[in-house]
Amino acid sequence: MRQRFFADNGNSGTGRNKDGAAGQDVVIEVPPGTVVTDAATGERLLDLVSEGQRECLLRGGRGGKGNAHFKSSTHQTPRFSQPGEPGEERTLKVELQIIADIGFVGLPNAGKSTLLKVLTKADPKIGNYPFTTVIPNLGVMHLHDRDIVLADIPGLIAGASEGAGLGTRFLRHIARTRGLAILLDVGEEDPYKDFLTLRKELEAYSTELAEKPCIVVLTKMDRVSSGECDPDHVEQVQQQLPPEIPCVRISALAGENLPELRTVLFQLTERDQ
Ligand SMILES: Nc1nc2c(ncn2[C@@H]2O[C@H](COP(=O)(O)OP(=O)(O)OP(=O)(O)O)[C@@H](O)[C@H]2O)c(=O)[nH]1
Ligand SMILES: [Mg+2]
């Protein structure tokens with residue numbers, strides 16, 4: 001990928017009554033959600049959130065004034081002109097922070113990508129193995145005349161904040177969401193423990209993220225109807241979860257409780273931060 005961009009310096013003015021041309025602008029196109037920080041100080045310089053937003057980050061060099069500019073009553077034929085100025089220089093860090101309304105968080109295999117697929121028109125890769133998703137997927141859910149953007153990110157595991165698995169770097173993609181949906185596979189041995197693991201990794205990444213409004217989605221409920229998972233196990237998990245967190249039991253495969261989940265996701269986007 002191209003890493004260095006140069007705008008032209010301003011040209012020098014000339015002795016033939018001409019100003020120098022200003023340097024040509026360099027326009028770098030980036031997707032909405034791009035955040036630009038100063039690499040040295042970490043200062044946030046630009047937050048490009050909307051389509052078509054255009055910001056000037058560095059000034060190019062101005063053209064020098066030609067000799068005519070320096071003409072005065074006592075100095076009729078100035079023999080000098082001004083040199084062009086160099087443009088500004090800066091080292092920048094450019095990051096993409098996806099703008100989604102709700103982020104899906106879960107252990108690998110919890111069913112995040114499958115849920116994105118059934119709620120939206122997105123077609124993410126799904127696999128019966130951990131870390132199927134290696135880059136975030138977005139999908140749009142349309143409800144009550146609103147488009148709600150859902151983000152499916154790679155799974156988190158215990159120690160992710162210390163780099164285990166794919167680490168926590170994908171969490172920056174859900175840093176600007178209004179809320180999180182924490183997905184727990186009911187068929188796992190201890191979904192409540194999985195919940196605590198996820199919360200711990202979120203907290204280790206950022207308190208701001210950990211304190212976002214959230215809901216819990218108990219996934220793969222068809223594993224209960226198929227006898228693979230004991231209904232008492234599900235009840236027990238629900239009892240252990242903090243009562244203030246809304247909890248919805250679904251099966252993406254059997255299409256169970258999806259309208260209810262849509263409503264709860266919608267409400268999550270309406271909640272105050
Ligand atoms: N029985 C059942 N299996 C499901 C359901 N949803 C997903 N699965 C299966 O669970 C496995 C993992 O699904 P994914 O959607 O890829 O899980 P993920 O959370 O995106 O996984 P990573 O991308 O690896 O983090 C796949 O084999 C899915 O078919 C469900 O509702 N019921
Ligand atoms: Mg996935």
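Remember, it's 1-based here, ligands and their atoms both numbered in the order they're listed. Remember, it's a predicted structure, so these values are computed and weren't measured experimentally.
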**Student:** With no hydrogens and no angle check, just 3.5 Å: does a side-chain donor-acceptor pair link Arg223 and Ser251?
**Tutor:**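 No, Ser251 and Arg223 have no side-chain donor paired with an acceptor closer than 3.5 Å.
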
**Student:** For atom 32 (N) of ligand 1, what is the closest protein heavy atom, and at what distance to 0.1 Å?
**Tutor:** Asp222 OD1, 2.7 Å

**Student:** Among all protein heavy atoms, pick out the one at the shortest distance from atom 16 (O) of ligand 1; state its residue, atom name and that distance to 0.1 Å.
**Tutor:**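 Closest protein heavy atom to atom 16 (O) of ligand 1: Gly127 N, 3.2 Å.
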
**Student:** Looking only at protein heavy atoms, identify the closest one to atom 31 (O) of ligand 1 and say how far it is in Å.
**Tutor:**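 Closest protein heavy atom to atom 31 (O) of ligand 1: Ala252 N, 3.0 Å.
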
**Student:** Enter the distance from Asp230:CG to Glu235:CD here, rounded to the nearest 0.5 Å.
**Tutor:**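 Taking CG in Asp230 and CD in Glu235, the distance rounds to 10.0 Å.
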
**Student:** For ligand 1, which is the ligand I care about here, please tell me if Gly111 has any N or O atom under 3.5 Å from one of the ligand's N or O atoms.
**Tutor:** yes

**Student:** I'd like to check the salt bridge (charged side-chain N to carboxylate O under 4.0 Å, His left out) partners of Glu95; sequence neighbours left out, ordered by chain and number.
**Tutor:**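 With neighbours one apart ignored, the set is Arg172.
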
**Student:** Counting no waters, how many protein N/O/S atoms sit under 2.8 Å from the Mg ion (ligand 2)?
**Tutor:**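 Count of protein N, O, S atoms less than 2.8 Å from the Mg ion (ligand 2): 2.
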
**Student:** Applying side-chain contact (heavy atoms from CB on, under 4.5 Å) to Met141 and Asp147, what does each step give before you reach the verdict?
**Tutor:** CA-CA 6 Å; Met141 182 178 87; Asp147 283 335; over 6 Å; no

**Student:** Is there any N or O on Pro154 that sits under 3.5 Å from an N or O of ligand 1?
**Tutor:**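 Between Pro154 and ligand 1, no N or O pair is found under 3.5 Å apart.
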
**Student:** Picking from Ile245, Leu183, Leu107, what satisfies side chain to side chain contact (heavy atoms under 4.5 Å, CB included) with Phe195?
**Tutor:** Ile245

**Student:** Geometry only, no angles: is Thr132 polar-contacting ligand 1 at N/O separations under 3.5 Å?
**Tutor:** yes

**Student:** Sequence neighbours left out, cut at 3.5 Å: what donor-acceptor pairs do the side chains of residues 151-163 make with other protein atoms?
**Tutor:**
unit_1 : atom_1 : unit_2 : atom_2 : d
Asp152 : OD2    : Ser113 : OG     : 2.6
Asp152 : OD2    : Asn137 : ND2    : 2.9
Ser161 : OG     : Glu201 : OE1    : 2.7

**Student:** According to a 4.5 Å side-chain heavy-atom criterion applied to Ile, Leu, Val, Met, Phe, Trp and Tyr, with indirect links allowed, do Leu261 and Phe266 form part of one hydrophobic cluster?
**Tutor:** yes

**Student:** Going by the closest heavy atom to atom 28 (C) of ligand 1, which one wins out of Asn128, Leu115, Val134, Ile126?
**Tutor:** Ile126

**Student:** Going by the atom numbers of ligand 1, which of them fall below 4.0 Å from some non-hydrogen atom of Tyr129?
**Tutor:**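 Here the atoms of ligand 1 in question are 24 (O).
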
**Student:** side-chain contact (heavy atoms from CB on, under 4.5 Å), that's the test. Do Met221 and Ser226 meet it? Break it down for me.
**Tutor:** CA-CA 9 Å; Met221 281 298 291; Ser226 71; over 6 Å; no

**Student:** Is there a polar contact, in the sense of an N or O pair closer than 3.5 Å, between Thr133 and ligand 1?
**Tutor:**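 Yes; at least one N/O pair falls below 3.5 Å.
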
**Student:** Any idea which part of Pro130 is under 4.0 Å from ligand 1, heavy-atom wise: side chain, backbone, both or neither?
**Tutor:**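 Backbone only; the side chain of Pro130 stays clear of ligand 1.
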
**Student:** Between Lys93 and Glu43, does any NZ, NE, NH1 or NH2 come within less than 4.0 Å of an OD or OE carboxylate oxygen?
**Tutor:** no

**Student:** I need the nearest protein heavy-atom contact for atom 12 (C) of ligand 1: residue, atom name and distance, please.
**Tutor:** Asn109 OD1, 3.0 Å

**Student:** Would you indicate whether Glu55, at its atom CD, is surrounded by more than 12 heavy atoms from other residues, nucleotides or ligands within a distance under 6.0 Å?
**Tutor:** yes

**Student:** Are side-chain N/O atoms of Glu51 and Gln53 paired as donor and acceptor at under 3.5 Å?
**Tutor:** no

**Student:** Does a salt bridge link Arg178 with Asp101, judged by any charged N lying under 4.0 Å from a carboxylate O?
**Tutor:** no

**Student:** Quick one: which residue pairs count as a salt bridge (charged side-chain N to carboxylate O under 4.0 Å, His left out) with a foot in residues 121-143, not counting sequence neighbours?
**Tutor:**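 Residue pairs with at least one partner in residues 121-143: Lys117-Asp123.
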
**Student:** Run the salt-bridge test on Asp47 and Arg176 with the 4.0 Å N-O cut-off and return the result as yes or no.
**Tutor:** yes

**Student:** Identify the closest protein heavy atom to atom 13 (O) of ligand 1: which residue and atom is it, and at what distance?
**Tutor:**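 Of every protein heavy atom, Thr114 OG1, 3.5 Å lies nearest to atom 13 (O) of ligand 1.
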
**Student:** Can you report which non-hydrogen protein atom sits closest to atom 9 (C) of ligand 1, along with the distance?
**Tutor:** Lys220 NZ, 3.9 Å

**Student:** Which ligand 1 atoms, with their elements, are less than 4.0 angstrom from a heavy-atom of Ser251?
**Tutor:**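 Counting atoms of ligand 1 from 1, those under 4.0 Å from Ser251 are 31 (O).
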
**Student:** Output the list of atoms in ligand 1 that are nearer than 4.0 Å to some heavy atom of Gly155, sorted by atom number.
**Tutor:**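 That gives atoms 25 (O) of ligand 1.
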
**Student:** Could you identify the single nearest non-hydrogen protein atom to atom 18 (P) of ligand 1 and state the distance to 0.1 Å?
**Tutor:** Lys112 N, 3.5 Å

